[in-house]
Amino acid sequence: MIRSVKGTHDILPDQTWRWRKIESSLHGFMQKYGYQEIRTPAFEKTELFSRGIGEETDIVSKEMYSWTDQGGEKLTLKPELTAPVVRSFIQHNLGSQSSTNRLYYMDTLFRRERPQKGRTRQFHQFGVEVFGSEHPEADAEVIAISYNFFKTLGIDNLTLTLNSIGSDDCRNNYRNELRNYLKPFLSDLTETSQNRFQNNPLRILDTKIEHEKEILKNAPEIGNFLTVDDKSHFEEVKSLLNGLSIPFSIQSQMVRGLDYYTRTTYEISSTALGAQDALCGGGRYDKLVETLGGKPTPAVGFAAGIERLLLALELKPTEFNFESIQIYIIGLTEKVRSNCQVIAQDLRNQGFSVSTDLLRRSLKSLLREANRNSVKVAIIIGDDELANDIVQVKDMETGEQTTVSKNKLTEHLTDLDF
RNA sequence: GUGGGAGUAGCUCAGGUGGUUAGAGUGCCUGGUUGUGGCCCAGGAGGUCGUGGGUUCAAGUCCCAUCUCUCACCCCA
């Protein structure tokens, strides 16, 4: 048997309606905020990600599905969406068409990680990116969108964690200070931390190793290195969130794994999930557009995992309802079967949802089938009915059956009002 | 990449210390009604016991290897 690839999953008919529910909720929600949808290709040039996300990140260094195509081009299945959206923003010069661009997306991503609860190799995210504003109102709007969307879906136990990692200057200074502080402890650090010491010392702050945490207790804090502008930006974001009644907590050690963030970073998690409890992560990235070759453009955005959202939602499936077929047409003999198809087609044209049998089964098994599919009415046609231009309409809930002449059928079904 | 747990019917799972034709519930099909579903009753189909090797008179059960799923670490959504 050929199975689906590790970390990929089929979404079967008993689940697809959940996905459609999320999808339609999102489109409706984003419209209220005046955001427009953007869709980018499934794969990009590898260079986009190595430059955009950062060569040293886990994603780029070990998780990408990359290959060289027949023309010798190095390509990669999207592991992340901000870089492609930024690429598209630059390529189509969206910045010159309006002063701010509010975009959202929903897409399929690929990362080669070890699967676990809330993590698969092919997965889905939705998110927003706002281009053109350096002001805290943009940060607050983006954060509010993610938080409020989860809220309206009814997810409880939301935790919003907020931090500012400052502008470029601030981080350069801080990086140097952190290196100076850590240098005497270098031999005590794990191998990965020693590598990070070289490439990205901020990530050491994220360590889960006890004795490293101990070392870091007296390390300089990034908050103290924020410039005056960084600080006031952060303060304004916080007060805007307060004004919107969105609760948050500050976590100065929170460093995101992607290199492009500046100033605001945040994460929303839910206790309804397992170890992978982040529903959404995001922040500001004022340098990325420039890094990827565009005009300097401030931007802020987030991405949220749809699988994780579904997991968090799984606990309360009551609001969702499966839509069943309304009418099942049963033909009793070979003579009437072609007639059944015609009637089905007519009724569909009238707007009903109609199904027929494909296995030439008996009346008994067809009623059973109709029952299983919880259809509202069964229409039964035998030779007698055919000869007299009538049909039997059976209400599957009450069991009541009435003889209806064929030309009154639509009228009769409409009156039933199901 | 590292560690824990698990692989027996479509699904959920039983199968002390090896012992005849491997079970249950549920789902599926048929019948109990010449053309009437649900409930009930009866019957039926459905299994390379994850795979390969080994020990043994005998392996679902013991040993080794391997694959897959799953949870966790790392990291992320």
Side-chain angles (χ1 to χ4, degrees), chain A residues 1-9 12 14 53 56-63 78-82 105-127 146 150 190-193 195-196 200 203 206-209 254-258 265-270 273-283 301-312 328 330-333 336 359 361-386 391-401:
Chain A
M1 180 177 58
I2 300 177
R3 299 180 50 95
S4 58
V5 175
K6 183 201 276 285
T8 67
H9 294 285
L12 300 177
D14 65 341
I53 305 173
E56 305 299 334
T57 58
D58 281 17
I59 292 177
V60 173
S61 63
K62 55 189 188 196
E63 294 173 1
K78 285 191 281 201
E80 192 262 349
L81 282 161
T82 300
Y105 55 73
M106 176 154 28
D107 214 332
T108 307
L109 307 185
F110 306 86
R111 289 182 202 170
R112 198 185 182 290
E113 300 181 86
R114 205 64 182 264
Q116 72 187 76
K117 191 180 177 72
R119 167 187 292 161
T120 51
R121 290 183 171 180
Q122 174 175 346
F123 62 105
H124 301 80
Q125 287 186 348
F126 66 86
S146 53
F150 295 141
T190 56
E191 201 186 319
T192 48
S193 289
N195 285 333
R196 285 173 183 171
N200 194 348
R203 296 256 319 267
D206 247 354
T207 185
K208 305 290 187 294
I209 316 276
M254 188 181 67
V255 181
R256 316 236 79 243
L258 284 64
T265 62
Y266 80 103
E267 195 171 292
I268 296 176
S269 55
S270 164
L273 298 172
Q276 306 304 321
D277 64 350
L279 277 173
C280 132
F302 75 83
I306 299 180
E307 279 82 356
R308 288 183 189 177
L309 179 53
L310 250 14
L311 277 175
Y328 199 65
I330 297 172
L332 298 179
T333 65
V336 299
L359 293 175
R361 284 175 287 185
S362 68
L363 173 60
K364 185 177 188 157
S365 63
L366 290 175
L367 279 171
R368 203 175 281 154
E369 178 83 10
N371 190 56
R372 232 194 323 260
N373 294 325
S374 44
V375 308
K376 302 290 186 289
V377 303
I379 294 177
I380 303 165
I381 307 166
D383 289 345
D384 293 349
E385 285 78 8
L386 185 66
V391 299
Q392 305 293 333
V393 177
K394 185 180 175 79
D395 183 318
M396 291 302 286
E397 241 164 77
T398 62
E400 210 174 304
Q401 184 168 314

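Chain A is the first sequence line, chain B the second, and so forth, proteins listed ahead of strands; every chain is numbered from 1. Side chains are part of it too, since the values below use all heavy atoms of this structure and drop only hydrogens, waters and symmetry mates.
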Nearest-angstrom distance from the residue atom CG of A:Leu367 to P of B:G37: 7 Å

Scan every strand shown for a Watson-Crick or G-U wobble partner of B:G25, both distances under 3.5 Å, and answer none if you come up empty. B:C11

Could you let me know what B:U55 is paired to, Watson-Crick or G-U wobble, both distances under 3.5 Å, or none if it's on its own? none

Between B:U21 and B:C11, how many Å separate the two C1' atoms, rounded to a whole number? 26 Å

Residues A:Asp107, A:Lys78; criterion side chain to side chain contact (heavy atoms under 4.5 Å, CB included); working and verdict: CA-CA 9 Å; A:Asp107 214 332; A:Lys78 285 191 281 201; 2.5 Å; yes

Whom does B:A72 pair with, Watson-Crick or G-U wobble, provided both distances fall under 3.5 Å? B:U2

Give one of base, sugar-phosphate or nothing for A:Gly282, where a contact means two heavy atoms less than 4.0 Å apart. nothing

Mind checking if A:Ile306 touches a base, just sugar-phosphate, or nothing, with heavy atoms under 4.0 Å? nothing

Report yes or no: is there a donor-acceptor pair, N or O only, under 3.5 Å between the side chain of A:Gln401 and the base of B:U36? yes

Inter-residue atom distance A:Leu109.CG - A:Ile306.CD1, 0.5 Å rounding: 9.0 Å

Could you tell me which non-hydrogen atom of A:Gly118 sits nearest to which non-hydrogen atom of A:Arg308, and how far apart they are? O-NE, 2.7 Å

With a 3.5 Å limit on both atom pairs, tell me what B:U34 is paired to, counting Watson-Crick and G-U wobble, or say none. none

How many angstroms lie between CD in A:Gln401 and CE in A:Met396, if you round to the nearest 0.5 Å? 10.0 Å

So what does A:Arg119 touch, heavy atoms closer than 4.0 Å: a base, only the sugar-phosphate, or nothing? base

If you measure from the C1' atom in B:A45 to the same atom in B:G1, how many Å do you get, rounded? 46 Å

From A:Glu397 atom CD to A:Glu400 atom CD, the distance as rounded to the nearest 0.5 Å: 12.0 Å

So if I take every side-chain heavy atom of A:Arg308 and compare against B:C29, B:A72, B:A77, which nucleotide ends up nearest? B:A77

Between B:C69 and A:Lys6, is there an OP1 or OP2 to side-chain N/O distance shorter than 4.0 Å? yes

Rounded to the nearest 0.5 Å, the CG atom of A:Leu363 sits from the OG1 atom of A:Thr333 at a distance of 12.0 Å

So, A:Glu80 versus A:Thr82: side-chain donor-acceptor pair below 3.5 Å or not? yes

Nearest 0.5 Å please: distance from the CZ atom of A:Arg112 over to the CD1 atom of A:Ile59. 15.5 Å

Regarding A:Gln276, tell me which of base, sugar-phosphate or nothing describes its non-hydrogen contacts under 4.0 Å with the strands shown. base

Are A:Gln116 and B:U70 close enough that a side-chain N or O sits under 4.0 Å from OP1 or OP2? no

Could a donor-acceptor pair under 3.5 angstrom be found where the side chain of A:Glu397 meets the base of B:G38? no

By the definition salt bridge (charged side-chain N to carboxylate O under 4.0 Å, His left out), identify the one residue from A:Glu113, A:Glu63, A:Glu307 that meets it with A:Arg119. A:Glu113

Please evaluate the base of B:U36 for a donor-acceptor partner in the side chain of A:Lys394 within a cut-off of under 3.5 Å? yes

Side-chain contact check for A:Asp384: nearest option of B:G35, B:C71, B:C73 is B:G35

From the options B:A77, B:C75, B:G35, select the nucleotide whose nearest atom is closest to the side chain of A:Gln125. B:A77

Does A:Glu113 contact B:C74 through a side-chain donor or acceptor facing the base, at a distance under 3.5 Å? no

In whole Å, I'd like the distance from the CZ atom of A:Arg372 to the P atom of B:U26. 16 Å

Say we look at B:U8 and B:G15: how far apart would their C1' atoms be, to the nearest angstrom? 9 Å

Can you check the A:Phe123 CZ to B:C75 C1' distance for me, whole Å? 12 Å

Below 3.5 Å, does any donor atom in the side chain of A:Arg114 face an acceptor in the base of B:C73, or the other way round? no

Taking the nucleotide of RNA chain B with the nearest heavy atom to each, does A:Leu332 or A:Thr120 sit closer to the 5' end? A:Leu332

P spacing across the pair B:C62 / B:G7, given as an integer number of angstrom: 11 Å

Separation between the C1' atoms of B:U55 and B:G43, rounded to whole Å: 43 Å

Taking CD from A:Glu369 and C1' from B:G38, how many angstroms apart are they, rounded to a whole number? 14 Å

Separation of B:A77 C1' from A:Ile59 CD1 (nearest whole Å): 9 Å

From CD of A:Glu56 across to P of B:C74 the rounded distance in Å is 20 Å

Would you indicate what A:Gln392 reaches in the nucleic acid, counting non-hydrogen atoms under 4.0 angstrom: base, sugar-phosphate, or nothing? base

Mind checking the P distance from B:G50 to B:A42? Whole angstroms is fine. 32 Å

From C-beta outward on A:Arg3, which listed nucleotide comes closest to its side chain: B:A77, B:U68, B:A72? B:U68

Would you classify A:Ala370 as touching base, sugar-phosphate or nothing, given that sugar-phosphate means primed atoms plus P, OP1 and OP2, and contacts are heavy atoms under 4.0 Å? nothing

Separation of A:Lys364 atom NZ from B:G35 atom P, in whole Å? 11 Å

Closest to the 5' end of RNA chain B, once A:Ser365 and A:Arg112 are matched to their nearest nucleotides, is A:Arg112

Side chain of A:Arg111, heavy atoms from C-beta onward: which of B:G37, B:A77, B:U68 has the nearest atom to it? B:A77

Provide, to the nearest angstrom, the distance between the CE atom belonging to A:Met396 and the C1' atom belonging to B:C39. 14 Å

Considering only side-chain heavy atoms of A:Glu63, which listed nucleotide, B:G38, B:C75, B:G35, is closest? B:C75

Roughly how many Å apart are B:C40 and B:G23, using the C1' atom of each and rounding to a whole number? 24 Å

May I ask you to verify if any side-chain N or O of A:Arg368 is less than 4.0 angstrom from the OP1 or OP2 atom of B:U36? no

At under 4.0 Å between heavy atoms, what does A:Gly118 touch on the DNA or RNA strands: base, sugar-phosphate, or nothing? base

If the C1' atom of B:A6 is compared with that of B:G54, how far apart are they to the nearest Å? 24 Å

